[in-house]
Colleague: 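Take a look at the following structure, please.
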Protein chains: 2
Amino acid sequence: MQDELSQKFAALADPTRRAMIARLYQGRATVSEIAEPFLERMSLPAVTKHLQVLERAGLVTKTQDAQRRVCDLNPEGIQEAAAFLEQYRQAWEESLDRLGEYLKSVSANEAKAGRKKTHGRKKQAE
Amino acid sequence: MQDELSQKFAALADPTRRAMIARLYQGRATVSEIAEPFLERMSLPAVTKHLQVLERAGLVTKTQDAQRRVCDLNPEGIQEAAAFLEQYRQAWEESLDRLGEYLKSVSANEAKAGRKKTHGRKKQAE
DNA sequence: CGGTTAATTAACCAGGTGGTTATCTGTCAT
DNA sequence: ATGACAGATAACCACCTGGTTAATTAACCG
């Protein structure tokens, strides 16, 4: 797994890890605390591995406190992944706005439909 | 690969595929056109596979035009991936703002540094 | 029809991922 | 020091991924 961004997206491509992120969003937690809801489904070493993936991806940080490891989210890490998508999202919003205006100009009650087969809205330059 | 969101993130976890998305952002293109910059590095079937991953993830749509396949980005698809990160980003922005104010109150010229070893800024509740 | 272009499918392979159990390393409490 | 607790590491396995080459499908052009 070469670059950082790929690592981040790969780390996010797992529901268990996303659930861990959601958990950590509520506040810092030890490995055991994070593991607890998952231990019916998987072993502790599996949890450790998931956390390592998140850590290596820079989405989570771990600090030692006695024999406990306390995990925190790393907002910057997620920001970096979000930034990739954001650069597209913004521009698309514009084009969606433009499309919206166009639709309004054609027919007022078409505005909320627009999702039968044409669920793309490309060909903005046509 | 279970859920849709995982599929999307997994699809994004590859620089080749992200480059394809970037290419398609410039406008729709056929498989050959998309493949062209990559053919020094990999074969056409490899490109086909990457596009299939993007298509299955709902990030790209493909439509047939004679013997050509024309690919488009699916903004909605990327939106759905962005939404996951967005829910955290927003709230973090708030806490980063709060942190920013705190730092400003401590030392004015620390604001733009913040990336030597301490590339986290967790423990916001301390 | 026959050839060419465009792209997919098939079959295969090396290496990575997600899980397991069993073992080991620290750190605290006594 | 000893034992228990918290977690990481080791060794292994099944499956998925990203790539390959070769063969196949499908549509257009004469």
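Throughout, a chain's letter reflects where its sequence line sits, starting with A, and its residues are numbered from 1.
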Colleague: So, are Arg18(A) and Asp3(B) salt-bridged, with charged N and O less than 4.0 Å apart?
Modeller: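 Between Asp3(B) and Arg18(A) there is a salt bridge, with a charged N closer than 4.0 Å to a carboxylate O.
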
Colleague: Look for any protein N or O under 3.5 Å of an N or O in nucleotides 25-30 of chain C and output each such pair with its distance, or none.
Modeller:
none

Colleague: Whole angstrom is fine here: how far is it from CD in Glu40(A) over to C1' in dT20(C)?
Modeller: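 To the nearest whole Å, that distance equals 18 Å.
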
Colleague: Check the orientation of Phe9(B) and Phe9(A). Use parallel for under 30°, tilted for 30 to 60°, and perpendicular for over 60°.
Modeller: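 Aromatic pair Phe9(B)/Phe9(A) classed parallel.
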
Colleague: Does Gln87(A) CD have over 12 foreign heavy atoms under 6.0 Å away?
Modeller: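 Enclosed.
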
Colleague: With rounding to the nearest 0.5 angstrom, report the NZ to CE distance, Lys49(A) to Met42(A).
Modeller: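 Lys49(A) NZ to Met42(A) CE: 11.5 Å, rounded to 0.5 Å.
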
Colleague: Round to a whole Å and report the spacing from CG of Leu12(B) to P of dT17(D).
Modeller: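 Whole-Å distance recorded here is 14 Å.
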
Colleague: Taking all non-hydrogen atoms of both residues into account, name the closest pair between Leu5(A) and Ala81(A) and its distance.
Modeller: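 What the structure gives for the nearest pair is CD1-CA, 3.9 Å.
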
Colleague: Rounding to a whole Å, what distance do you find between Leu39(A):CG and dT20(C):C1'?
Modeller: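 Computing the Leu39(A):CG to dT20(C):C1' distance gives 14 Å.
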
Colleague: Can you see which heavy atom on Glu86(A) is nearest to which on Glu86(B), and at what distance?
Modeller: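 Taking every non-hydrogen atom into account, OE1-OE1, 3.6 Å.
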
Colleague: Under 6.0 Å from the CD atom of Glu4(A), do we count more than 12 heavy atoms belonging to anything else shown?
Modeller: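 Open.
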
Colleague: I'd like a table of atom pairs between the protein and nucleotides 19-24 of chain D - only N or O on both sides, under 3.5 Å - with the distance next to each one.
Modeller:
unit_1: dG19(D); atom_1: OP2; unit_2: His50(B); atom_2: NE2; d: 2.2
unit_1: dG19(D); atom_1: N7; unit_2: Lys49(B); atom_2: NZ; d: 3.1
unit_1: dG19(D); atom_1: O6; unit_2: Lys49(B); atom_2: NZ; d: 2.3
unit_1: dT20(D); atom_1: OP1; unit_2: Ser43(B); atom_2: N; d: 3.4
unit_1: dT20(D); atom_1: OP2; unit_2: Ser43(B); atom_2: N; d: 2.8
unit_1: dT20(D); atom_1: OP2; unit_2: Ser43(B); atom_2: OG; d: 2.6

Colleague: Please report the distance, rounded to the nearest Å, between CD in Glu33(A) and P in dC5(D).
Modeller: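 Value for this atom pair: 17 Å.
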
Colleague: Counting only N and O atoms by type, is there a donor-acceptor contact under 3.5 Å from the side chain of Arg17(B) to the main-chain atoms of Ala10(B)?
Modeller: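 Yes; judged by distance alone, with no hydrogens or angles, the pair exists.
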
